[in-house]
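Hydrogens, waters and symmetry mates play no part in the numbers below; they use all other heavy atoms, side chains included. A, B, ... follow the sequence lines: proteins, then strands. Residue 1 opens every chain.
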Amino acid sequence: MTVIKLTNTKTRKKEVFEPIDRNNVRMYVCGPTVYDRAHIGNARPVIVFDVLYRLLRHVYGPDHVTYVRNFTDVDDKINARAAESGRSIREITDETTQWYLDDMRAVGALDPNEMPRATEYIGAMIEMIEGLIDKGHAYAAEGHVLFAVESYEKYGALSGRSIDDMIAGARVEVAPYKRNPMDFVLWKPSSEDQPGWDSPWGYGRPGWHIECSAMSYELLGESFDIHGGGNDLMFPHHENEIAQSCCAHGHEHDGGGFANFWLHNEMLQVEGKKMSKSLGNFFTVRDLLDGHDGMAGVPGEVIRFVFLSTHYRKPMDWTAEKAEQAKATLTKWWDLTAPLDTHEFAPSEKFLAALCDDLNTPAAIAELHRLAKEKDLVALQSGLELIGLAEPITFGQGSLGVGVSIETLGLANRIAAKWMAYRTAKDFSQADALKKEASNLGVELTVTKENNVQSATATINGAPSVQDLEGLL
RNA sequence: GGCGAGUUGGCGGAGUGGUUACGCAGCGGAUUGCAAAUCCGUGUACACCAGUUCGAUUCUGGUACUCGCCUCCA
């Protein structure tokens with residue numbers, strides 16, 4: 001059996017991954033709050049955990065992995081967005097949810113098995129909060145319900161902080177109804193014009209954090225294998241999830257239950273700096289895909305490749321240069337594997353070993369380079385497939401003629417043949433003229449040589465019209 | 001102030017207690033009507049200072065710098 005090792009934030013060590021139930025490996029990843037387009041940083045955990053999902057499916061079988069990623073569709077940012085735009089909350093969350101799915105699919109992410117919306121689990125959240133109050137881990141005060149951090153002795157264990165240290169940081173909101181400044185909100189009152197639900201504590205809405213505890217419990221149970229997200233979520237979000245879930249399910253002392261493995265990806269930077277609107281280096285996944293600020297669009301698989309070329313626990317810098325290199329490499333590999341007509345799946349040992357070693361995708365990619373060099377095309381193709389880069393997703397009119405009609409492709413090939421004929425006849429002036437005209441239409445003619453036989457290849461870069469191409473014949 | 005991560009050749013980026021990562025770029029060569037592609041060859045890098053060791057880029061301690069989190073954030 002293949003051994004997967006993962007760095008567990010809980011222990012800060014790389015550990016052998018052993019699922020609770022091999023027949024149902026369970027993973028929960030914190031999804032987006034749906035109030036706006038996902039920015040490029042949001043795509044990192046999606047891609048990282050997508051690779052892990054694919055690896056788990058490979059190792060344990062596609063039917064033996066359950067991957068849950070939620071949509072948080074109740075949040076004050078959404079309320080604010082609704083208020084300023086005059087649109088309904090549902091309209092905004094529905095639209096943003098669809099955008100998110102579109103954008104993440106574009107970077108090659110498989111849909112998780114379950115994508116629960118927080119608003120569909122309000123009942124479960126209320127139930128969980130009631131249980132916490134009954135057990136003395138939470139208290140109601142002025143229409144709010146707060147989690148009492150002092151009731152959970154291991155609070156802070158994940159992020160390595162003590163309650164005292166955090167209070168010393170003095171950056172917490174101190175509300176008069178809090179027993180401890182670090183206590184966090186489980187439920188808060190809503191006014192008439194805010195979204196809300198009836199609860200034992202009056203009309204209100206859930207605080208941040210509780211939705212993930214409720215949904216993971218409903219869909220994966222009290223204990224599951226992996227919980228993932230960006231490392232900025234480690235505190236307070238994941239810390240609070242742990243406190244709520246462990247206390248709700250009788251693990252307030254042993255610290256057991258809930259997720260066995262906590263995985264956190266490092267942050268993304270853009271051109272060496274933290275992405276921010278004021279620096280002008282902020283962009284969404286959609287901006288990148290479609291092109292923005294005068295820059296050409298970057299295909300989804302190129303974005304994916306760039307992300308995977310840095311280990312997930314290291315800060316990653318997004319640069320235009322990396323995107324170019326990635327594109328060149330992918331194009332080269334696809335050209336190599338395109339003629340393969342086998343569906344044989346046989347990734348190399350080294351490739352698998354790299355992935356299994358804490359998802360070392362850069363090392364895995366290095367192995368793919370080696371396979372490409374040695375022309376081990378089945379292993380190359382299999383490796384690409386395993387990390388979701390086997391075939392173009394949004395490449396458009398690329399060098400492979402993807403997205404180009406058969407008719408256009410046929411015409412381009414006829415032009416290539418005509419060019420070759422001129423060359424064979426040593427009529428280089430005619431050949432060069434044809435090559436130039438074709439180039440103007442976005443069709444590049446090049447010579448390839450195999451077994452001492454020369455042949456011409458047409459590469460379609462633009463979107464030439466059929467009429468124009470016929471004009472060259 | 002507290003917690004944590006990082007510092008590898010021109011760039012990107014793995015890894016290791018002693019021997020070539022790898023990719024891109026560069027350089028030399030082959031091939032080539034031109035061009036591209038391709039092929040061959042080519043680079044003794046591991047922030048700094050101590051310590052452990054026969055030997056450290058790799059382990060330990062410290063210094064410097066960078067970055068993230070502690071407030072919404074992946």
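As judged by a 4.0 angstrom heavy-atom cut-off over every strand, E324(A) is placed among residues making no nucleic acid contact. Residue contacts for N360(A): at a heavy-atom cut-off of 4.0 Å it reaches the sugar-phosphate backbone alone, with no base atom in range. Nucleic acid contact class of I365(A) (heavy atoms, under 4.0 Å, all strands): none.
Annotation: side-chain hydrogen bond (donor to acceptor under 3.5 Å, both in side chains) contacts of E437(A) (sequence neighbours excluded): none.
Side-chain atoms of F235(A) lie closest to C70(B) of the nucleotides C70(B), C72(B), G4(B). When distances are taken from the side chain of K435(A) to each of A74(B), G33(B), C34(B), the shortest belongs to C34(B). The side chain of L233(A) has A74(B) as its nearest neighbour among A74(B), C73(B), A35(B). Comparing atom distances between the P362(A) side chain and each of A74(B), A14(B), C67(B) picks out A14(B) as nearest. The nucleotide whose nearest atom lies closest to any side-chain atom of T310(A) is, among G13(B), C70(B), G68(B), G13(B). When distances run from any side-chain atom of T329(A) to the nucleotides G23(B), G15(B), G13(B), the shortest one goes to G23(B). For H311(A), counting side-chain heavy atoms from C-beta on, the closest listed nucleotide (C11(B), C73(B), A14(B)) is A14(B). Closest to the W419(A) side chain, of the nucleotides G4(B), C24(B), C34(B), is C34(B).
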Q.
In dot-bracket form, 5' to 3', how is RNA chain B paired? Count Watson-Crick and G-U wobble pairs only if both distances fall under 3.5 Å, and write | where the partner sits on another strand.
A. (((((((..(((.....[...))).(((((.......)))))....(((((..]....))))))))))))....
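Aromatic ring centres of F258(A) and F224(A) lie closer together than 6.0 Å. Annotation: F147(A) is not in aromatic contact with Y152(A) [ring centroid separation under 6.0 Å not met].
Between K350(A) and A21(B) there is no side-chain polar atom (N or O) within less than 4.0 angstrom of OP1 or OP2. Residue K314(A) places at least one side-chain N or O closer than 4.0 Å to OP1 or OP2 of U7(B). The shortest distance between the side-chain N/O atoms of S309(A) and the OP1/OP2 oxygens of G13(B) is not below 4.0 Å. For N231(A) and A5(B), the shortest distance from a side-chain N or O to OP1 or OP2 is not below 4.0 Å.
Without hydrogens or angle criteria, N231(A) side chain to E266(A) main chain gives no donor-acceptor distance under 3.5 Å.
Between H369(A) atom NE2 and A14(B) atom C1' there is a gap of 12 Å when expressed in whole angstrom units.
When the P atom is used for both A47(B) and U8(B), the distance is 7 Å, rounded to whole Å. Remark: the separation of the P atoms in G6(B) and A74(B) is 23 Å, to the nearest Å.
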